Amino acid sequence: MSQPISVSHEMDLAWRYASGEAMERFCAGLTDGRIEALRCAACGLRYLPPRPFCGDCRARLTEWVAVGDEGKLEAWTEVQVPMLDAGTGRPRATPFAIGLVRLEGADTTLNHFLAETGAGRLRVGARVRARWRSERAGTMADIECFEVIG
Amino acid sequence: MRPVAIIGTGQTRHSKRRDDVSQPELVREAAAAALADADLRPAEVDAILISNMELFEGRAFPELWAGAGAWAIGKPCLKIATGGTSGTSACIAAFHQVAAGCFDTVLVVGFEKHSEGHTQAGMALTDPYWDRSVAAGALGNFALSVCQYVQERGVSERQAAMVAVKARRNAAANPHAHLQLPDLTIEEVLASPVIAAPLRRLDMCPQSDGAAALVVAGEASARRRCRRPAWVKAAVTRHDKPYLGDLDRRLATMRTLRQAAAVAYRQAGIDDPVRDLDVAEIYEPVTYAELAWYEALGFCPDGEAGRLIEDGVTAMDGALPVNPSGGVLSTNPVGASGVIRVAEAALQLHGKGGARQVEGARRALATGYGVYAWSDVIVLESAA
């Protein structure tokens with residue numbers, strides 16, 4: 001019976017992606033603490049994060065709408081096992097909580113980290129608010145996580 | 001679509017680690033078994049389709065490395081990689097190739113060796129602007145969707161545990177299955193650790209090493225070579241939007257599976273799936289997903305999936321046995337998992353199911369599930 005061969009690679013990689021106009025404007029807005037969605041003129045759905053097209057209507061999206069940094073928790077979970085953090089290449093500390101958040105002014109939900117773990121305040125329908133970082137770089141990490149406010 | 005049939009199937013033994021074979025050897029094991037079952041020589045295969053998620057192994061060009069294992073040198077060989085639907089989509093591509101008259105016999109081989117790579121690294125390389133920073137893998141994403149599904153439908157942990165037990169007990173009659181837990185009880189499932197609320201370890205599929213293959217043939221060859229060909233009556237694929245958060249209450253709505261099933265049932269003349277189908281092999285990466293798929297596939301009205309599992313409708317001796325193989329919950333080499341669903345459905349019509357045979361099965365359903373909400377639905381029938 002053959003034995004496995006261990007092959008080790010230390011990779012320090014960075015990628016460079018064209019953002020497109022919609023994501024460029026959205027990310028620039030985050031730097032200023034501003035969240036914007038793109039609304040489909042045909043069906044009215046407000047997409048967050050914004051993207052160039054409405055998948056349902058096959059329409060180009062151009063109508064920007066303001067979105068608040070508070071909203072409703074639509075789903076949550078507390079992950080107990082290490083998951084790879086793509087940003088560092090290392091496992092995340094456990095437990096950590098994630099949720100689907102529907103911000104005021106948007107129709108889709110955002111998946112993001114939640115400030116606290118444990119059933120109690122985390123419940124479907126809870127009010128949540130973005131916790132912004134003081135130093136912002138125009139990436140989604142400008143929002144550190146969402147906090148339950150009620 | 002011109003008549004197309006599956007005339008042979010083959011699988012490897014699936015397990016946590018198949019250190020005894022390399023990737024091309026694993027592929028060869030399944031391909032050889034499928035060709036032997038179809039009584040076909042390698043030279044008689046016109047084209048090969050490979051299903052594999054190469055980012056999981058960290059080894060590019062599986063159609064190059066593993067293609068040789070499927071006798072693909074000097075022949076048309078393509079790779080399909082669409083997450084969990086890779087295998088079912090590769091089968092559908094083969095159906096289309098043969099139906100279009102491009103080829104007469106096509107060999108489909110799906111494989112994955114999760115033990116050799118870093119599945120989470122592959123999963124984490126999603127959309128770089130939003131998803132990548134918060135990627136929580138299939139586990140975290142499923143837990144969010146299950147949270148919504150439970151809230152909306154009120155299914156219980158115990159009903160989910162019943163799915164877990166059904167799958168693992170069925171797997172005990174399948175010599176290829178990875179997890180062998182013949183005596184698993186509901187209490188043991190409910191005592192297994194919560195890994196992402198509300199999901200427990202035994203609610204989730206394993207990661208497996210394994211390969212599966214099948215042979216697709218045109219009408220004349222199928223009739224000549226196979227005593228009971230599994231004719232393709234419907235094969236439908238639906239994709240959906242790019243972000244998890246785009247899919248409103250994903251498990252409760254699952255519009256891709258509903259749409260694909262509606263089209264497939266119409267094509268295959270199915271009015272009442274529980275009555276008209278004899279067996280189903282559905283792609284259920286997590287127990288709660290099986291309950292959600294019951295609703296999306298029309299096995300029961302929305303909100304009654306828990307009752308369906310409690311009533312034993314989908315048990316081996318029920319009106320519609322679901323996953324006699326043990327399903328993805330028992331065996332999950334991702335690139336192979338979709339091929340396994342179709343191969344197991346065909347195997348039932350071939351009458352070669354052994355201890356997991358559903359007696360007299362004449363019409364079978366196979367489904368694929370991929371990425372956030374992609375769906376494939378395939379209906380096979382033993383009557384042309």
Side-chain angles (χ1 to χ4, degrees), chain A residues 1-5 7 9 15-17 19-20 23 26-27 45 47-49 51 53-56 73-87 89 91-92 94-102 106-113 117-119 122-125 139-141 145, chain B residues 17-22 25 58-59 113 115-116 118-152 193-201 204 239-250 255:
Chain A
M1 170 157 151
S2 72
Q3 291 298 312
I5 299 164
V7 181
H9 292 297
W15 280 268
R16 186 178 162 275
Y17 299 106
S19 58
M23 194 55 77
F26 174 70
C27 290
L45 201 71
Y47 284 97
L48 188 71
R51 73 288 312 264
F53 317 105
C54 173
D56 291 326
L73 188 61
E74 299 281 357
W76 66 274
T77 186
E78 186 181 305
V79 181
Q80 307 287 349
V81 293
M83 304 299 291
L84 185 76
D85 179 342
R92 289 207 173 90
T94 56
F96 65 92
I98 54 174
L100 289 174
V101 174
R102 196 182 309 273
D107 293 305
T108 62
T109 57
L110 284 179
N111 47 330
H112 212 307
F113 297 107
T117 56
L122 290 184
R123 57 173 178 80
V124 174
T139 72
M140 68 147 295
C145 59
Chain B
R17 289 175 185 273
R18 284 293 311 269
D19 285 347
D20 57 315
V21 284
S22 67
E25 288 168 341
R59 187 165 169 173
K113 286 196 88 181
S115 75
E116 296 193 350
H118 300 277
T119 303
Q120 270 199 36
M123 296 283 286
L125 292 174
T126 56
D127 163 71
Y129 303 105
W130 197 269
D131 267 0
R132 196 173 292 188
S133 315
V134 294
L139 172 66
N141 292 335
F142 257 115
L144 292 175
S145 297
V146 169
C147 168
Q148 289 177 306
Y149 180 71
V150 168
Q151 180 92 8
E152 186 163 340
V194 174
I195 49 177
L199 300 178
R200 297 176 182 279
R201 186 162 300 284
M204 291 298 296
H239 282 197
D240 213 323
K241 297 181 192 177
Y243 293 98
L244 177 65
D246 289 344
L247 307 164
D248 184 34
R249 295 139 47 240
R250 174 168 64 140
R255 65 178 187 173

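Quick note on labels: first sequence line is chain A, next is B, and so on, each numbered from 1. Just so you know, these numbers come straight off a predicted model, no measurement behind them.
With a 4.5 angstrom heavy-atom cutoff, Asp248(B) touches chain A only via side-chain atoms. Neither the backbone nor the side chain of Leu247(B) has a heavy atom closer than 4.5 Å to any heavy atom of chain A. Using a 4.5 Å cut-off between heavy atoms, Arg201(B) contacts chain A through its side chain alone, with no backbone atom that close. Only the side chain of Pro242(B) comes within less than 4.5 Å of a heavy atom in chain A; its backbone stays farther off. Proximity to chain B involves both the backbone and the side chain of Ser19(A), based on heavy atoms less than 4.5 angstrom apart. If you measure heavy-atom distances from Pro82(A) to chain B, the contacts under 4.5 Å come from the backbone alone. Heavy-atom distances place the side chain of Gln151(B), and not its backbone, under 4.5 Å from chain A. Using a 4.5 Å cut-off between heavy atoms, Phe53(A) makes no contact with chain B at all.
No donor-acceptor distance shorter than 3.5 angstrom exists from the side chain of Gln148(B) to the backbone of Ala75(A), with no hydrogens or angles considered. Here the side chain of Trp130(B) pairs a donor or acceptor atom with the backbone of Asn111(A) at under 3.5 angstrom. Counting only distance, with no hydrogens or angles, the side chain of Thr108(A) and the backbone of Asp246(B) share no donor-acceptor pair below 3.5 Å.
If you take CZ on Arg132(B) and CG on Asp85(A), they are separated by 11.5 Å, rounding to the nearest 0.5 Å. How far OG1 of Thr139(A) is from OH of Tyr129(B): 12.5 Å, rounded to the nearest 0.5 Å.
Ranked by heavy-atom pairs shorter than 4.5 Å toward chain A, the options Ala197(B), Gly58(B), Ala124(B), Pro198(B) are led by Ala197(B). For the set Leu100(A), Leu45(A), Val7(A), the entry with the most heavy-atom pairs within less than 4.5 Å of chain B is Leu100(A). For the set Glu74(A), Arg102(A), Arg92(A), His9(A), the count of heavy-atom pairs under 4.5 angstrom toward chain B peaks at Arg92(A). Counting heavy-atom pairs under 4.5 Å between each of Asp107(A), Val101(A), Leu110(A), Leu48(A) and chain B puts Leu110(A) at the top. No other option in Cys27(A), Gly55(A), Pro49(A), Gly99(A) has as many heavy-atom pairs under 4.5 Å with chain B as Pro49(A). Each of Met140(A), His112(A), Gln80(A), Gln3(A) has some count of heavy-atom pairs under 4.5 Å with chain B, and the biggest count is that of Met140(A). With chain B as partner, the option from Cys54(A), Pro95(A), Pro4(A) having the largest number of non-hydrogen pairs under 4.5 angstrom is Pro4(A).
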### Task
Any chance you could lay out the side-chain contact (heavy atoms from CB on, under 4.5 Å) test for Val124(A) and Cys147(B), step after step, and finish with the verdict?
CA-CA 8 Å; Val124(A) 174; Cys147(B) 168; 3.7 Å; yes
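Val81(A) places a side-chain heavy atom less than 4.5 Å from the side chain of Leu139(B). Two residues are said to be in side-chain contact when any heavy atoms from C-beta on lie closer than 4.5 Å; Tyr243(B) and Thr109(A) fail this criterion.
The residues Asp56(A) and Arg255(B) are annotated as salt-bridged, a charged nitrogen and a carboxylate oxygen being separated by less than 4.0 angstrom.
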